[in-house]
Each structure stands twice: as structure tokens, then as C-alpha cells.
Amino acid sequence: MTDFEPVQLEALLADFEETRESLIPLLQEVQTQYCYLPEFALRRIASKLSVSLTDVYQVATFYSCFSLVPVGKHVVQVCLGTACHVRGAPRVLDRMLRDLKLGTPGTTQDMQFTVRSVRCVGCCGLAPVVRVDNNTHPNMTQAKVRGMLKKYRSKEDRPAGEADEVDDAEARVHS
Amino acid sequence: MPKLESIPDLEQLREVCLQSRDVNRPCLTVCAGSGCTASGAHDVIAGLKQNLEKLGLAQTIDVKSTGCHGFCEKGPVMIVWPDGIFYNRVTPRDAAAIVASATNGRKPVEKLLYQDPQTGERVLHENDVPFYARQQRVLFGNNGRIDPRQIEDYLRVGGYKALARVLGGIPGETIVEEIKKSGLRGRGGAGFPTGVKWEALRANPATPKFIICNADEGDPGAFMDRSLLEGNPHSIIEGMIIGACALGASTGFVYVRAEYPLAVEHLRVALRQAEEIGLLGENILGTGFKFRIKVVQGAGAFVCGEETALIASIEGRVGEPRPRPPFPVQSGLWGKPTIINNVKTWASVPHIINRGADWYAGIGTERSKGTMVFSLVGKINNTGLVEVPMGITLREMIYTIGGGIPKGRQLKAVQIGGPSGGCIPSSLIDLPIDYEELTKAGSMMGSGGMVVMDESTCMVDVARYFMEFLEEESCGKCFPCREGTQRLREILDRICAGKGKEEDLALLDDLGWVMKETSLCGLGQTAANPVLTTLRYFKDEYLAHIREHRCPAKVCKELIVYSIEPAVCDGCHACVQVCATEAILGEKKKVHEIDEGKCIKCGACLEVCQPKAVLVS
């Protein structure tokens with residue numbers, strides 16, 4: 001995640017036509033660059049496209065790919081599509097939230113992970129699946145959750161004393 | 001590549017492409033669709049390339065990454081040409097053996113061949129694998145043969161031939177007539193006759209006209225549109241150009257889900273290539289016809305699959321549907337006449353032009369023509385994408401193609417058509433699958449998602465799952481859908497928790513029918529289908545939850561208890577390690593016990609217990 005810089009926004013705005021149709025692609029671009037939609041950007045986009053701020057907020061809150069708050073370093077998408085659901089995805093999600101000490105999907109306090117549930121990433125043949133950033137983890141089980149998260153948590157950010165014993169449990173499942 | 005100035009130029013380019021490749025030259029084609037990629041296809045590709053380079057064969061044997069072959073369960077899958085040897089579950093460690101076999105006498109690598117689970121026999125070719133044998137892959141046939149990033153590959157398999165014929169002088173009305181005669185119906189779900197829609201657009205004198213490809217594949221459990229976009233984007237583009245030519249449109253849009261990054265990327269590459277050689281843009285093939293296609297990415301709203309909501313989204317507004325009429329063919333994008341067809345509908349068009357309406361109409365049933373693509377997923381042995389003629393029975397789908405239900409369990413139901421569809425019970429196993437039969441059974445074709453459920457799936461929980469999904473995705477514009485989905489979900493929550501009442505069933509039914517009759521768009525009108533069909537076919541299961549406070553499938557948490565069978569427990573401690581709440585007591589090598597008070601019924605112990613000592617009751 002990069003800190004938000006107004007200069008970059010201006011460069012980005014220059015690539016889009018000043019029409020209403022540019023609103024969603026523009027918000028998507030800002031979301032991609034900054035991982036969320038800062039208020040400053042929403043205001044600037046509204047004036048640039050001559051769309052009311054209310055309208056911009058309406059669109060930004062209607063579509064699920066937009067976030068008005070910063071997200072964590074890694075975005076974890078737990079697929080809750082039908083195929084994943086019948087193969088146990090809700091239990092994987094529960095375990096994920098529990099391990100990350102989150103009550104509901106959201107961002108961990110240390111800003112390492114943002115957990116989201118998504119409906120179908122289109123890998124139904126390998127259900128249940130979890131996508132972390134751009135990697136898809138097939139055939140997930142509860143036992144694999146902690147080991148998987150650990151791989152993404154950068155070494156310096158790991159809580160002291162987190163040992164490797166979790167991998168034992170994972171190995172057992174595969175044996 | 002130079003810009004093509006005429007139709008003969010295109011044929012000449014095709015000739016050049018065909019000449020430039022020796023058909024007998026060995027080629028290793030690896031599926032790099034989203035499924036196989038998740039299973040490690042790119043490591044396999046890297047491994048193959050490395051081995052070829054090591055042996056100095058990089059110039060004599062090609063490695064090609066293709067789109068989805070459909071057999072996700074056995075991924076990564078690959079084919080060794082020219083012999084057509086089919087390998088499954090390939091790992092990078094197998095790369096050396098594959099390369100050696102491709103060079104030395106071509107004896108296949110035995111252990112990578114598909115093994116028939118019944119006979120134990122190894123199968124050499126893709127088409128002899130039972131999963132593929134009963135399929136008729138019209139749309140997906142080329143997925144395993146072409147590199148989606150190479151327009152040359154598409155030209156080699158006869159791509160843009162139909163477009164050349166159309167531009168060569170087939171009048172618009174003849175094309176529309178041909179599409180009508182073929183019996184092609186909208187593959188997005190509702191099944192409206194495509195030719196009739198096209199005719200209505202042609203009849204509208206207003207200009208400009210727009211055409212849209214609906215690739216907002218939002219149904220959970222369906223991924224065929226994604227796989228076609230990833231694997232053969234030019235077939236969709238060709239269909240759209242033909243449509244534009246027949247209908248007099250100069251601008252087209254592909255509205256694709258942002259959740260499908262690879263599909264978006266391949267589509268963009270394909271559009272750029274088509275533009276470069278002059279198949280898109282001004283004066284296409286020197287005929288004076290001009291047409292452009294823009295890509296619009298969805299922003300995560302299921303309702304945008306509905307055509308008026310999709311139009312609103314392209315216009316930069318929230319994706320809320322509006323009442324029809326006026327239909328988009330009368331007043332669509334920016335108030336102009338607009339056609340919206342699904343990905344598979346567009347991709348069917350070149351095939352119909354090439355092989356004729358009679359050929360297409362010869363496939364399928366009386367009123368449902370052609371092939372349909374299903375994603376066969378859930379509790380089934382062979383998961384993946386399946387393309388079959390309309391009218392195939394559920395039995396063939398599940399047992400012949402799908403290889404039956406895993407772990408020797410019994411089939412309970414098949415959920416067809418996504419959240420708008422319904423659950424077909426196992427008693428209707430001989431139902432021929434076409435638009436009419438599915439509707440009669442209370443379901444619908446929908447996008448072709450086919451989720452198989454066995455005895456360990458709770459039908460009340462499934463209904464609740466869909467309602468939770470639809471409650472989240474309802475845009476909130478009309479009352480019946482906004483409130484209806486919420487109330488249905490609340491009632492189902494109650495039943496799943498063992499707190500339901502018998503009169504709830506009548507209420508569910510009533511509410512469902514009111515939503516059907518009064519909702520504004522297709523989402524709300526079909527939202528109750530999962531509830532209504534499960535009520536119709538699985539009432540006993542609802543009653544077990546209500547009267548006996550029992551979940552027969554042992555899914556609903558509030559109604560089950562976990563315990564350990566002392567006679568079976570070997571004290572391996574795996575469950576203790578995985579338990580999230582320290583609810584399992586007992587030392588290593590001694591019999592364990594579950595503390596019911598602490599147990600959150602997450603089922604983690606059940607997953608890891610090898611001797612199967614964990615019981616659910």
C-alpha cells in the first residue's frame with residue numbers, strides 16, 4: 001500500500017475523459033493504486049467529472065470492490081461460492097477469523113491482513129479455495145489455515161515465539 | 001503483422017500461419033486456466049522449458065500454455081502433440097520424464113496417463129477419458145489447442161473465417177434469419193431466442209446501435225464464461241463483429257467481472273491483436289465497415305448481470321435495474337438501441353455461420369438447440385467444465401461424465417442455475433436437461449452452474465446460503481426483493497437453529513410466491529427458487545429441523561454434537577493440535593474426549609482424524 005499522494009491522482013485523472021462513464025473505471029484505478037478510496041480522491045473526482053459528491057459516494061458504496069478504509073498488506077479472499085460452501089468453506093472462514101482474532105471479516109489490527117468473503121472466484125473445481133493477493137490456494141482445510149497465513153506474514157512482523165508446530169498438523173493431514 | 005486490406009489478405013495470412021507450423025512438430029500444451037494455475041501449471045511449464053533447454057531442444061519442441069481444458073479436478077492437465085497424449089495431475093518433477101518421452105520413441109509416461117477408476121486401465125487420449133467422451137465441445141473444443149494470446153493460433157483453427165464470409169457479402173437480414181433458424185437461445189440463463197432479439201434491434205431505425213457482451217458471470221458455482229474468455233477470446237470477438245455487421249452497430253462493449261483478472265488480460269490482448277491486423281477499427285478488411293470493442297470492468301455487484309443494471313453500470317451509475325419495457329433493443333445504453341448477449345451466445349455465432357443453421361439446430365432437443373456448457377462441481381468425482389448437447393440426462397452428467405459421488409455416498413440433489421435456479425432431487429435423475437424441462441422442475445438453466453450435493457449436504461442450509469447471498473446482492477431498489485430476501489433468510493436461520501415453527505413453511509412459500517410475482521427484475525423474481533424447490537422436494541428435511549430439532553445431514557451447528565468414540569481413538573493427538581478452542585482433552589496415546597461446553601462445532605477434528613473416531617450426532 002502506498003501513502004496517498006495528490007500529485008499521483010492528478011496524473012491518473014489526466015488519463016480519463018471527463019464524462020460520467022469514467023467514474024467507475026477511475027474509482028477502480030484509485031482503488032488499485034492505493035488499495036482504498038481516500039476522501040480527498042472522491043472529492044477531486046467529483047469536481048473533475050462534474051458529478052455530485054453524493055453520487056460518487058453512492059457508487060463507491062454500492063459496488064463491493066471499493067473500500068473507503070485502508071486495507072491490510074495482504075488481502076485474503078475466502079470464496080463462499082456454492083461449490084466452496086458445500087465443501088466446507090464457512091468452516092475455513094471461521095477458522096481464519098478466529099486465528100486472526102477478527103470477529104467479522106475486516107482488517108487485522110497490525111494491518112497485515114484484510115479478510116473478505118467473496119462469492120465465487122471461479123475455481124469451483126478445486127473447492128474450497130482461498131485467494132491471498134494473487135495466489136489461489138486450492139482444497140483448503142482448517143488445518144492449513146495457520147500455516148498459509150504464516151507464509152504471508154513477513155518475518156519481522158511475526159509475533160515472537162510463533163513456532164513451527166502448526167506445520168506438523170498440516171503434514172499429518174496430507175500424510 | 002501488416003494490416004489486412006481485404007478478405008483475400010486474411011486468407012493469405014491464414015495460409016502463412018498454417019505454413020509456418022509443421023503439424024508434426026512436437027508441442028507440449030499445458031492448461032493454464034485459473035484452475036490448473038492454482039494447481040501449479042506455471043511451475044510445470046517452467047519445468048518443461050528448463051528441461052528442453054538443458055537438452056538443447058528448445059527450438060525443436062514447443063511449449064504452449066492454453067486456456068482451460070475443463071478437467072479441473074485432475075489439473076494440471078496437458079497434451080503432448082502430435083500424438084495427442086493426455087496427461088493429468090502433472091507436477092514439475094514429471095517434466096524431465098515428459099520431455100524424455102516426447103523425444104525418445106514417444107513412449108508415454110505411464111503414471112501420468114488418466115486411470116479409469118472402475119477398470120484401472122490407463123487411457124491414452126483425451127477423447128477416450130469418460131469425462132470427455134460424452135461431451136460435444138463446440139465452444140470449448142479449441143481451448144486445449146490454441147494459445148489465447150496468439151491470434152495466429154486462432155487463425156490456424158479456422159478463426160475469422162465466418163467473419164470473412166459475412167463481410168464477403170451476406171446481407172444483415174440473412175444473418176439474422178440464419179441465427180433465428182438455428183434456434184440459438186440466450187446462454188445467460190433466461191433462454192430468449194437470440195434471432196428474435198436481433199431482429200427487433202434491426203427493426204429499430206434509431207442510431208447509433210450498441211452491442212454488449214455480458215461477461216458479468218456472477219453466479220457462484222459457474223466459471224464457463226471466464227474459461228472461454230481466458231481460453232479463446234477471439235471466438236467471442238468474432239461473434240461480436242459478425243453481430244455488429246448484421247445489426248449495424250459501430251461500438252461494442254464487453255462487460256466483464258473484475259474478479260477475473262486473467263480473462264480481462266487475455267481479452268485485452270486479443271482486442272489489440274484484432275485491431276492491429278485490421279479486424280477491428282475503421283474500414284475492416286477494406287469493406288468500409290467499422291466497429292470497435294471496449295472493455296468495461298464490473299465492480300462487484302451480482303445484480304449487474306441483469307441487462308438494465310448492466311447498462312446503468314456502463315453509464316457510470318449504480319447498478320440498479322429499471323422496469324422493462326422499454327427493452328434495451330428499444331432504449332438501452334444512453335437511450336439508444338442495444339443488444340446484450342452472453343459470452344457463450346456470441347461465441348456460438350461463428351460456428352452457426354460456418355456450419356449452417358441446420359447443423360446447429362440438429363443438436364439438442366426440440367426447443368433447446370445446440371450445446372450447453374455446465375460447470376460440474378460440488379460433491380462429484382470429476383469436477384470441471386462440461387459441454388454437452390442439450391437434452392442430456394442428469395444421470396449421464398453425474399455418473400458417466402462426472403464419475404459419480406465421492407466416498408461412496410448417495411446423490412441427494414443437484415442445484416442448477418445458480419441463485420436463481422433450484423435444487424433438483426435425485427428422484428428426477430433421468431430428467432433431460434433443457435430450458436423447458438428445468439423450468440418445469442422448478443429450476444432454470446441459468447448460467448449452467450451445476451452443484452452436486454450428497455447426503456452430507458443439508459438442503460435447509462443450502463436454501464439459507466442462497467438467501468444470505470441474495471440478501472447481500474439485492475440492490476435494494478424494489479421492496480419485495482429487498483425485504484423478501486431478508487425475511488426469508490431470517491426464517492431459514494431460525495429453522496437451521498432448531499427454532500422454526502411448522503407454520504414457517506407456509507410463510508416461506510407465500511413470501512416466495514409474492515417475490516416471484518412482484519419483484520422488479522430477474523434477481524428478485526427468481527430469488528425464492530432455492531427455497532421453493534427445496535420446500536417442494538425436501539419438505540421432510542425442513543420438518544426434521546422443526547419437529548425433531550434434528551439436522552439429518554449433520555450440518556446445522558445448533559443441532560449437532562461432536563464426540564469421540566473411545567474404541568476407535570488411537571490417541572494420535574492430531575485433533576488436539578487442530579482444535580481452535582482447546583475443547584479436546586486427553587494425553588498422547590490415550591483416548592481423547594471432547595468438552596461439549598468448549599466445543600464450537602467447527603469440525604476441524606473431524607477433518608484430521610485418521611481412524612475416524614470423531615462422531616457427529
Side-chain angles (χ1 to χ4, degrees), chain A residues 19-28 31 49 51 55 58-59 61-66 77 79-88 90-91 94-95 98-99 118-127 129 131 134-139 141-143 145-146 165-166 168-170 172-173 175, chain B residues 34-35 37-39 71-73 75 217-223 226-227 258-261 296-302 313-320 375 377-379 383-385 415 418-419 449 451 453 457 462 465-466 469 472-473 475 572 574 577-578 580 600 602-604 607-608 610:
Chain A
T19 55
R20 175 80 201 222
E21 300 92 86
S22 300
L23 178 56
I24 294 173
L26 197 43
L27 292 176
Q28 281 170 329
Q31 174 81 37
L49 302 184
V51 174
D55 274 9
Q58 190 190 18
V59 167
T61 52
F62 181 87
Y63 294 99
S64 64
C65 79
F66 300 128
Q77 295 178 305
C79 180
L80 293 185
T82 321
C84 289
H85 178 84
V86 302
R87 288 212 201 170
R91 295 199 291 266
D94 283 351
R95 169 58 67 119
R98 187 169 280 274
D99 279 359
V118 291
R119 305 286 180 163
C120 208
V121 294
C123 291
C124 314
L126 308 165
V129 298
R131 193 146 76 183
N134 286 320
N135 307 317
T136 307
H137 297 260
N139 302 311
T141 62
Q142 295 192 58
V145 168
R146 207 181 300 177
E165 95 279 357
V166 242
D168 279 0
E170 194 179 330
R172 212 186 293 265
V173 182
S175 65
Chain B
S34 288
T37 295
S39 301
F71 206 178
C72 311
E73 176 72 28
E217 185 175 54
D219 282 8
F223 56 103
R226 190 208 68 196
S227 294
E259 287 90 334
Y260 289 172
V296 179
Q297 287 193 59
F302 175 69
S313 184
I314 294 182
E315 291 172 351
R317 296 182 285 116
V318 295
E320 284 179 352
S375 56
V377 295
K379 308 280 185 70
T383 58
L385 280 186
Q415 208 283 342
V451 186
M453 298 165 179
T457 311
V462 166
Y465 161 80
F466 279 115
F469 173 81
E472 252 172 55
E473 295 295 345
C475 77
C572 76
Q577 282 178 0
V578 83
I600 54 164
C602 69
E607 274 176 18
V608 297
Q610 299 260 322

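Predicted model, so just to flag it, every value in this text is computed and none were measured. Numbered from 1 within each chain, the chains take letters A, B, ... in sequence-line order.
Residues B:Tyr465 and A:Gly81 approach most closely at OH-C, 2.9 Å, considering heavy atoms. Scanning all heavy atoms of the two residues, the minimum distance from B:Ala222 to A:Cys124 falls at N-SG, 4.1 Å. Across every non-hydrogen atom of B:Val377 and A:Ala83, the tightest pair is CG2-CB, 3.6 Å. Minimum heavy-atom separation, A:Thr82 to B:Phe466: CG2-CZ, 3.5 Å. Minimum heavy-atom separation, A:Arg95 to B:Ala604: NH2-CB, 3.6 Å. A:Cys120 approaches B:Gly221 most closely through the heavy-atom pair SG-N, 3.3 Å.
Residue A:Gln28 touches chain B through its side chain alone, counting heavy-atom pairs closer than 4.5 Å. For chain B, the nearby part of A:Val121 is the backbone; its heavy atoms alone come within less than 4.5 Å. Of the atoms belonging to B:Ile600, it is side-chain heavy atoms, and not backbone ones, that fall under 4.5 Å from chain A. Neither the backbone nor the side chain of B:Thr37 comes within contact range of chain A; no heavy atoms are under 4.5 Å apart.
Counting heavy-atom pairs under 4.5 Å between each of B:Ala580, B:Gly418, B:Cys72 and chain A puts B:Ala580 at the top. Between chain A and the options B:Ser34, B:Gly384, B:Gly319, the largest number of non-hydrogen pairs under 4.5 Å is found for B:Gly319. Contact count versus chain A (heavy atoms, under 4.5 Å) is highest, among B:Arg317, B:Glu73, B:Glu472, B:Lys379, for B:Arg317. Your options are B:Glu259, B:Glu315, B:Glu320, and the one with the most heavy-atom pairs under 4.5 Å with chain A is B:Glu315. Ranked by heavy-atom pairs shorter than 4.5 Å toward chain B, the options A:Gln58, A:Gln77, A:Arg20 are led by A:Arg20. Most heavy-atom pairs under 4.5 Å with chain A, from the set B:Ala299, B:Pro220, B:Ala38: that is B:Ala299.
Taking the side chain as every heavy atom from C-beta outward, B:Val451 and A:His85 never approach each other to under 4.5 Å. For the pair B:Phe302 and A:Ser64, the minimum side-chain heavy-atom distance is 4.5 Å or more. Between A:Leu126 and B:Ser39 there is a side-chain heavy-atom pair separated by less than 4.5 Å.
In this structure, the side chain of A:Gln142 does not engage the main chain of B:Glu607 through any donor-acceptor pair within 3.5 Å.
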Does B:Gln415 form a side chain to side chain contact (heavy atoms under 4.5 Å, CB included) with A:Val86? I'd like the steps, not just the answer. CA-CA 11 Å; B:Gln415 208 283 342; A:Val86 302; over 6 Å; no

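Residues A:Arg119 and B:Glu473 are not paired through a salt bridge, judged by the lack of any N-O separation under 4.0 Å between the basic side chain and the carboxylate.
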